[in-house]
Amino acid sequence: MGAVDVLILAAGEGTRMKSGTSKVMHCLCGRSMLGWAMEAARGVSEEKPIVVVGANRDAVQQAFGDAARYALQAERLGTGHAVMMAKELLQDEAELVVILAGDMPLLRAETLQQLCDMVRSQHLSAALLSAVLDDPTGYGRVLRNADGSVQGIVEHKDASQAQRAVREINASVYCFRKDALLASLSRLTNDNVQREYYLTDCIGHLAADGQRVGALVAEDARECMGVNNRAQLAEAGAVLRGRINRLHMLSGVTLIDPQNTYIDAQVRIGRDTVIYPGNVLEGACVIGTDCVLYPGSRMVDSTLGNGVTVQNSVLLGARVGANSTVGPYAYLRPGTDVGRHVRIGDFVEVKNSRIDDGTKVSHLTYIGDGHLGRDCNVGCGTVFVNYNGEAKYHTEVGDNVFIGCNSNLIAPVKVGDGAYIAAGSTITDEVPQDALAIARSRQTNKDGWSAKRRAARKKEK
Ligand code: UD1
Ligand code: CA
């Protein structure tokens with residue numbers, strides 16, 4: 001089989017998004033619309049897709065780098081013109097050219113594959129994807145001959161009353177034999193209501209020449225949905241979310257309420273993990289097996305080992321080892337690396353720190369730029385004082401250390417293995433192994449002081 005080149009049309013401005021961001025760079029389930037198109041393209045071709053860009057060129061190239069080839073359409077003269085701008089990039093060995101629009105995030109690779117199979121097995125010059133809609137307003141209509149073969153496409157604005165009654169629409173997804181595409185492109189004119197070079201006219205030219213053109217009617221018309229505004233973005237996002245969640249459920253993940261569980265496309269989740277509503281898993285999260293995600297957490301690019309429990313917490317670029325518990329209300333920031341059987345309790349913030357196996361940090365604590373050894377106990381209200389207003393410093397705590405409540409460790413500082421820090425201490429100097437550090441002023445009691453004061457007050461009145 002010959003090679004397939006994929007062309008993604010993405011030069012449109014997308015003015016109806018009312019956005020400073022290019023339409024195709026808007027995201028659904030953690031992936032831009034163009035990213036979804038690239039993903040579908042990967043399913044039918046090993047070649048890098050060709051993306052036709054316009055004013056959005058820099059943003060698109062920055063996002064996709066050398067994962068794509070780019071063609072610039074400086075002036076927006078229609079879909080046919082967009083393809084003309086890319087034809088130099090088509091490879092000599094390409095047999096088929098698949099063309100799709102960059103704003104159809106629900107289109108699946110399987111459907112593109114079916115389109116290619118149709119062209120090959122039926123020896124067609126081209127095939128297009130169509131859908132039958134209750135309300136076809138605005139779309140190009142697929143015109144068929146009496147024998148059902150495709151005759152051409154007429155744009156809504158150019159269509160007669162009778163043509164507008166046709167409910168089969170052109171989805172703007174095609175598979176052409178490359179030679180047929182190039183020959184028909186050279187014949188395009190802009191002799192129409194919009195003064196544009198219509199790619200759709202290529203289909204008409206081929207059919208008029210007696211070449212065979214097919215149409216694949218999408219089983220699920222939603223796949224052909226184009227996103228033009230934010231309402232459609234949300235609608236398409238919900239469909240993608242449903243697909244993602246269903247795949248996780250079918251591979252052994254329990255979602256208590258899939259309608260209220262937000263899992264990005266890239267996230268991986270192990271079997272027998274249970275996810276309660278209101279969890280948002282973004283980016284490249286990897287969740288182990290047998291985890292329980294109680295309600296209300298947001299995790300970005302974070303990794304959980306097996307058997308981890310998280311509740312009402314925020315994890316950003318954090319790693320948590322097997323059988324540890326996090327939350328409620330913990331904040332694990334980038335560079336957090338938590339071992340196994342660790343307990344991170346309520347209102348604990350960790351940043352750029354390693355916490356070894358078996359250590360407990362149960363409440364109201366800040367661990368920043370530090371290392372805590374194994375089996376330590378960190379008392380309530382401990383602060384790693386890592387910042388002096390100018391620079392950040394490291395705190396090093398050994399294994400089996402007990403840090404009493406309300407202690408401050410002023411970095412840079414070291415606490416040796418097995419040491420004990422008395423509650424309320426402010427530690428500024430190294431604590432040797434197995435030592436007790438008490439760093440607070442000694443208590444003095446003044447006998448009878450309070451009673452005398454009360455008596456004095458009474459006299460005044
Ligand atoms: C197009 C089809 C129409 C189909 C509809 C489906 C044509 C002439 N019409 O119409 O039959 O029913 O899609 O949604 O093709 N683009 C460029 N450069 C351009 C013009 C468009 O890159 O000069 C890109 C857009 O960014 C978009 C895609 O091509 O991704 C489709 O363009 P759009 O203007 O939305 O075409 P429609 O008028 O919707
Ligand atoms: Ca469109």
Side-chain angles (χ1 to χ4, degrees), residues 6-17 19 22-26 32-34 36-38 40-41 49-57 59-60 68 70-87 98-107 126 128-133 135-143 150-159 163-164 166-174 176 181 184-185 188-205 215 217-218 221-229 232-233 236:
V6 182
L7 232 160
I8 303 173
L9 306 187
E13 325 247 287
T15 45
R16 281 169 288 173
M17 294 300 281
S19 175
S22 157
K23 173 164 97 170
V24 292
M25 295 311 295
H26 281 260
S32 66
M33 279 200 258
L34 188 50
W36 283 103
M38 303 261 293
I50 301 166
V51 181
V52 181
V53 291
N56 57 4
R57 174 191 191 166
V60 170
Y70 303 94
L72 177 67
Q73 186 193 25
E75 276 182 297
R76 216 169 159 274
L77 302 179
T79 49
H81 180 257
V83 176
M84 290 175 200
M85 298 301 105
K87 72 178 183 196
V98 168
I99 303 178
L100 58 135
D103 60 356
M104 302 178 62
L106 300 184
L107 181 67
L128 60 96
L129 182 67
S130 74
V132 178
L133 301 186
D135 178 12
T137 308
Y139 286 96
R141 307 299 206 282
V142 178
L143 306 179
V150 173
Q151 182 195 345
I153 298 164
V154 60
E155 289 307 292
H156 181 91
K157 286 178 183 158
D158 300 296
Q163 289 167 330
R164 286 184 181 183
V166 172
R167 287 171 47 229
E168 184 180 10
I169 63 99
N170 169 37
S172 205
V173 178
Y174 316 84
F176 285 92
L181 174 67
S184 57
L185 266 186
L188 289 187
T189 66
N190 63 353
D191 184 14
N192 51 54
V193 173
Q194 303 188 80
R195 296 266 141 228
E196 284 185 3
Y197 296 88
Y198 289 165
L199 178 59
T200 46
D201 285 348
C202 288
I203 297 289
H205 288 313
V217 184
R222 288 184 306 183
E223 248 190 278
C224 304
M225 176 184 176
V227 170
N228 295 315
N229 59 42
Q232 290 167 332
L233 185 71

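Being a predicted model, the structure only gives us computed values, none of them experimental. Throughout, residue positions are numbered sequentially from 1 according to the sequence presented. Read the numbers this way: they start at 1 and go in the same order the structure lists the ligands and their atoms.
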Exercise for review: Examine the proximity of ligand 1 to A171 and report which part, side chain or backbone, both or neither, has a heavy atom under 4.0 Å away.
Suggested key: backbone

Practice item. Take atom CZ of R164 as the centre, draw a 6.0 Å sphere, and report whether it contains more than 12 heavy atoms from other residues, nucleotides or ligands. Key: yes

Check your understanding: With distance as the sole criterion, is a donor-acceptor pair present between the side chains of H81 and Q73 under 3.5 Å?
Key -> yes

Point to revise | Main-chain N/O of N192 paired with D158 side-chain donor or acceptor, under 3.5 Å | key: no

Exercise for review: Report yes or no: do N170 and Y174 form a side-chain donor-acceptor pair below 3.5 Å?
Suggested key: yes

Review point. For L77, is the nearest heavy atom under 4.0 Å from an atom of ligand 1?
Key: yes

Exercise for review: From the options V53, L7, T79, select the one whose nearest heavy atom is closest to atom 8 (C) of ligand 1.
Suggested key: T79

Review point. For S19 and H26, does a side-chain donor sit closer than 3.5 Å to a side-chain acceptor?
Key: yes

Check your understanding: Quick one: which ligand 1 atoms are inside 4.0 Å of a heavy atom on G102?
Key -> 30 (O)

Exercise for review: Run the numbers for me: atoms of ligand 1, each under 4.0 Å from some heavy atom of A10, listed by number.
Suggested key: 22 (O), 26 (O)

Review point. Is the shortest N/O to N/O distance between Y174 and ligand 1 below 3.5 Å?
Key: no

Point to revise | Min N/O separation G140 to ligand 1 under 3.5 Å | key: yes

Practice item. With heavy atoms of A82 as the reference, note each atom of ligand 1 found under 4.0 Å away. Key: 17 (C), 18 (N), 22 (O)

Practice item. Under 4.0 Å, heavy atoms only, figure out whether ligand 1 is touched by the backbone of A11, its side chain, both or neither. Key: both

Review point. Which atoms of ligand 1 are found less than 4.0 Å from any heavy atom of Y139?
Key: 6 (C), 12 (O), 14 (O)

Point to revise | G12, any N or O under 3.5 Å of ligand 1 N or O | key: yes

Revision key, fill the gap. Distance col, row D191:CG vs E196:CD, nearest 0.5 angstrom, shows 13.5 Å

Exercise for review: Heavy-atom distances under 4.0 Å are what count here, so tell me which part of K23 touches ligand 1: side chain, backbone, both or neither.
Suggested key: neither

Point to revise | From M84 atom CE to L181 atom CG, the distance as rounded to the nearest 0.5 Å | key: 10.0 Å

Point to revise | Nitrogen or oxygen atoms of T200 and ligand 1 under 3.5 Å apart | key: no

Review point. Is the shortest N/O to N/O distance between Q73 and ligand 1 below 3.5 Å?
Key: yes

Check your understanding: Listed by chain and number, what are the side chain to side chain donor-acceptor pair (under 3.5 Å) partners of E168, not counting sequence neighbours?
Key -> S130, R144

Exercise for review: Say whether G78, considering both its backbone and side-chain N or O atoms, lies within less than 3.5 Å of an N or O atom on ligand 1.
Suggested key: yes

Check your understanding: Just by modelled atom types, is the V154 backbone N or O under 3.5 Å from a matching donor or acceptor in the R141 side chain?
Key -> no

Point to revise | Side chain, backbone, both or neither: V24 near ligand 1, heavy atoms under 4.0 Å | key: neither

Review point. Do L199 and ligand 1 have an N or O pair less than 3.5 Å apart?
Key: no

Exercise for review: List every atom of ligand 1 that sits less than 4.0 Å from any heavy atom of E155, numbering the atoms from 1 in the order shown and giving each element.
Suggested key: 2 (C), 3 (C), 7 (C), 8 (C), 9 (N), 10 (O), 11 (O)

Practice item. Any chance you could lay out the side-chain contact (heavy atoms from CB on, under 4.5 Å) test for M225 and L106, step after step, and finish with the verdict? Key: CA-CA 7 Å; M225 176 184 176; L106 300 184; 4.1 Å; yes

Exercise for review: Return yes if a side-chain donor-acceptor contact under 3.5 Å exists between T137 and D135, otherwise no.
Suggested key: yes

